[in-house]
Amino acid sequence: MLCLSLHGLNYQQTRTVFGGVNVSSTAMPKAMASLGSCSRYEFDGCGGIWSGFGKGKWNNLTATTTGNAALKKRRLGNLPLCSSALAESRNSSRADIYKEVLEAARERFTQEISFQSKDKDISLAKALLYVAAEDEVFLALNREMDACSLHNERRDLSSPSDAEEWDYVEAMPLAGKNISEWLSELDAIAKEVEAELVSRDIGCDLVEVLEAVNKVLFELRGFKRSSIVTDSKCSYLHFVLSSGCSSAILLSIIYIEVCRRLNLTIVGSRVGEDFLIWPPTGNPEELFKVTSGHSLFGVVNGKCVDDPRSKASDINSNSLLGLDIATNRDIIGIALANLIRLYWKRASRKNYGLMLTSPLRSVHKVDENFNKNDGPNVPLLRPQELRLAIMASQRLLILQPHNWSMRRDYGMMLYYSREYEEAVQELSICMAFAPEEEAEVLEPFVEKLHLMRLESSWKSLGQKGRLAVP
């Protein structure tokens, strides 16, 4: 029997999972909040406790040699074998720097959305730029590892050229600019709006300010919403700011951030599959007044408000006041959930119709695949896209540690990634907080997953044959 020990959880009730995993049906919210902060990404791909990044680690990695040491390095570089060794050393150091920056980006994101901060003090732009930085450096690390492998296989190839030098997350280039410069880009857009208002000789009338924002964003800057996002780049803030092609949620975030710089509050709410934004006003009718064929509310939120298939089309001045206002953390969570869906679709592209919860639907049937000699039949997914979905899921759990369905989805992604031990842990935690009927669905799957983990460990020890389970 396997017992899962979750330090810090105060068990009030206990549910024994078939397969030997003990979990709790309820636990103290304070304990769960600390558990939520455990989600993290590490290059080895294993889930577990977020390990903070050590300050100053990269200083030793990026230190350059001088004087005689540099001269010696140049002389050795003229020799083929030494040149190859030096190239491997440079590539190894660069990979180590990428790993450090990878951890730093996650830590900066966690600090930005920390529950110790007031929600109004969270910068949507900064949090999402840290998300982009982490994903970008992950891809850069993959490219670096591929280049090293290729160089090791073919020694006759010239060593990879040095990438642009940066050794901390704030200096990392995202489409040619660092995080501070992209934040300045939002400042520049706000100044363009101010200039538009000055040219019109307009004061602080709400409608006129919104019309000026609309003109700068949609006419002068050319921002466009994409109802169906197929290019993952349209889900990252820096790319949207540079290209103008955006998912609906990111364009709403840019609108909110620009208006915040103009001291104008914009709120938002999730309505069906859409996210609608508007300024709080005592006269909401003015937002829905049609001028030149469009209402101000329609221009701000796009075509969804005129699409009869969308729930957003049902919103009017009366129902607007009854919507639940999203917090900054909620808005970041929506953006992360969109990333998860996007990368899951890309990861499972070759398995049409595959859902995260597909293995749970047939869990009560006899699993013939598991009993075959070739082991469990886990679908093959695209590993890079799956890892990016896992990373987005980890960030979302930092934001919503009590969300049992998100933790279930995270555990299922770990299952597809064949990280069985971590999947057992996350799904067992999920069972402790899920509704009883959902826990009953998960229970036999977690049992089977536990057996798969034991078999995987058995094979890793070099044992032959299948693990006999009584």
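In this structure, Tyr415 and Phe445 have side chains that are in contact, with non-hydrogen atoms separated by less than 4.5 Å. In this structure, Glu385 and Arg349 have side chains that are not in contact, with every pair of non-hydrogen atoms separated by 4.5 Å or more. Side-chain contact between Met391 and Arg395 is present, with heavy atoms from C-beta onward closer than 4.5 Å. The closest side-chain heavy-atom distance from Asp324 to Asp330 is not below 4.5 Å. In this structure, Ile122 and Glu112 have side chains that are in contact, with non-hydrogen atoms separated by less than 4.5 Å. Proximity of Ser235 to Asn338: side-chain heavy atoms (C-beta onward) are nowhere separated by under 4.5 Å. A heavy-atom distance below 4.5 Å is not found between the side chains of Tyr343 and Leu386. Using a 4.5 Å heavy-atom threshold, the side chains of Val305 and Ile315 count as separate.
For Cys234 against Cys245, the heavy-atom pair with the smallest separation is SG-SG, 3.1 Å. When all heavy atoms are compared, the tightest approach of Arg270 to Phe275 is N-CD1, 3.9 Å. A pairwise comparison of heavy atoms in Ser417 and Arg387 identifies OG-NH2, 3.6 Å as the closest pair. Residues Leu381 and Ser348 approach most closely at CD2-CA, 3.7 Å, considering heavy atoms. Nearest heavy atom pair, residue Tyr98 against residue Leu141, reads CD1-CA, 3.6 Å. Between Gly411 and Ala423 the shortest heavy-atom distance is O-CB, 3.5 Å.
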TODO: Apply side chain to side chain contact (heavy atoms under 4.5 Å, CB included) to His238 and Ile179, showing your working.
DONE: CA-CA 8 Å; His238 69 285; Ile179 289 177; over 6 Å; no
- [ ] Go through Lys126 and Leu183 one step at a time and tell me if the side chain to side chain contact (heavy atoms under 4.5 Å, CB included) criterion holds.
- [x] CA-CA 7 Å; Lys126 190 178 291 186; Leu183 293 173; 3.9 Å; yes
TODO: Take Cys304 and Leu276 through the side chain to side chain contact (heavy atoms under 4.5 Å, CB included) test and state the conclusion after the steps.
DONE: CA-CA 9 Å; Cys304 65; Leu276 306 179; 3.8 Å; yes
Open item on the list: Show, in sequence, the C-alpha distance, side-chain angles and deciding distance for Asp231 and Lys233, and conclude whether the salt bridge (Lys or Arg N to Asp or Glu O under 4.0 Å) test is met.
Closed with: CA-CA 5 Å; Asp231 188 348; Lys233 293 180 180 179; 5.6 Å; no
TODO: Apply side chain to side chain contact (heavy atoms under 4.5 Å, CB included) to the pair Leu388 and Leu139, showing each step before the final yes or no.
DONE: CA-CA 9 Å; Leu388 287 166; Leu139 295 174; 4.2 Å; yes
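Within the 3.5 Å criterion, the main-chain N or O of Phe239 finds a donor-acceptor partner in the side chain of Ser243. For the pair Thr110 (side chain) and Arg106 (backbone), a donor-acceptor distance under 3.5 Å is present. Using a distance-only test at 3.5 Å, with no hydrogens or angles considered, no donor-acceptor pair links the side chain of Asn351 to the main chain of Leu354. Judged purely by atom type and a 3.5 angstrom limit, Ser114 uses its side chain to pair as donor or acceptor with the backbone of Gln116.
One distance of note links CG of Leu124 with CG of Asn328; it measures 4.5 Å at 0.5 Å rounding. Atoms CD1 and OH, from Ile332 and Tyr130 in turn, are 12.0 Å apart once rounded to the nearest 0.5 Å. Here the CG-CD distance, from Leu454 to Glu421, works out to 10.0 Å after rounding to the nearest 0.5 Å. One distance of note links CD of Glu185 with CG of Asp187; it measures 9.5 Å at 0.5 Å rounding. Summarising the geometry, atom CD1 belonging to Ile390 is positioned 12.0 Å from atom OH belonging to Tyr416; distances are rounded to the nearest 0.5 Å. From Glu426, atom CD reaches atom CG of Leu414 across 6.5 Å, with rounding to the nearest 0.5 Å.
Note on Asp119 versus Arg329: salt bridge recorded, some NZ/NE/NH1/NH2 to OD/OE distance being below 4.0 Å. Checked for salt-bridge contact, Lys99 and Glu144 miss the test: no charged N lies under 4.0 Å from a carboxylate O. The pair Glu257-Arg261 meets the salt-bridge criterion, since a charged nitrogen lies less than 4.0 angstrom from a carboxylate oxygen. Of the charged side-chain nitrogens involved, at least one lies within less than 4.0 Å of a carboxylate oxygen, so that Glu170 and Arg108 count as a salt-bridged pair.
Among the candidates Leu174, Asp135, Leu128, the single residue satisfying the side-chain contact (heavy atoms from CB on, under 4.5 Å) test with Tyr236 is Asp135.
With a 6.0 Å radius and a threshold of 12 heavy atoms from other residues, nucleotides or ligands, Lys177 has its NZ atom above the threshold. The number of heavy-atom neighbours closer than 6.0 Å to CD of Gln384, taken from other residues, nucleotides and ligands shown, is above 12.
Note: Phe297 and Trp278 have tilted aromatic rings, judged against thresholds of 30 and 60 degrees for the angle between ring planes.
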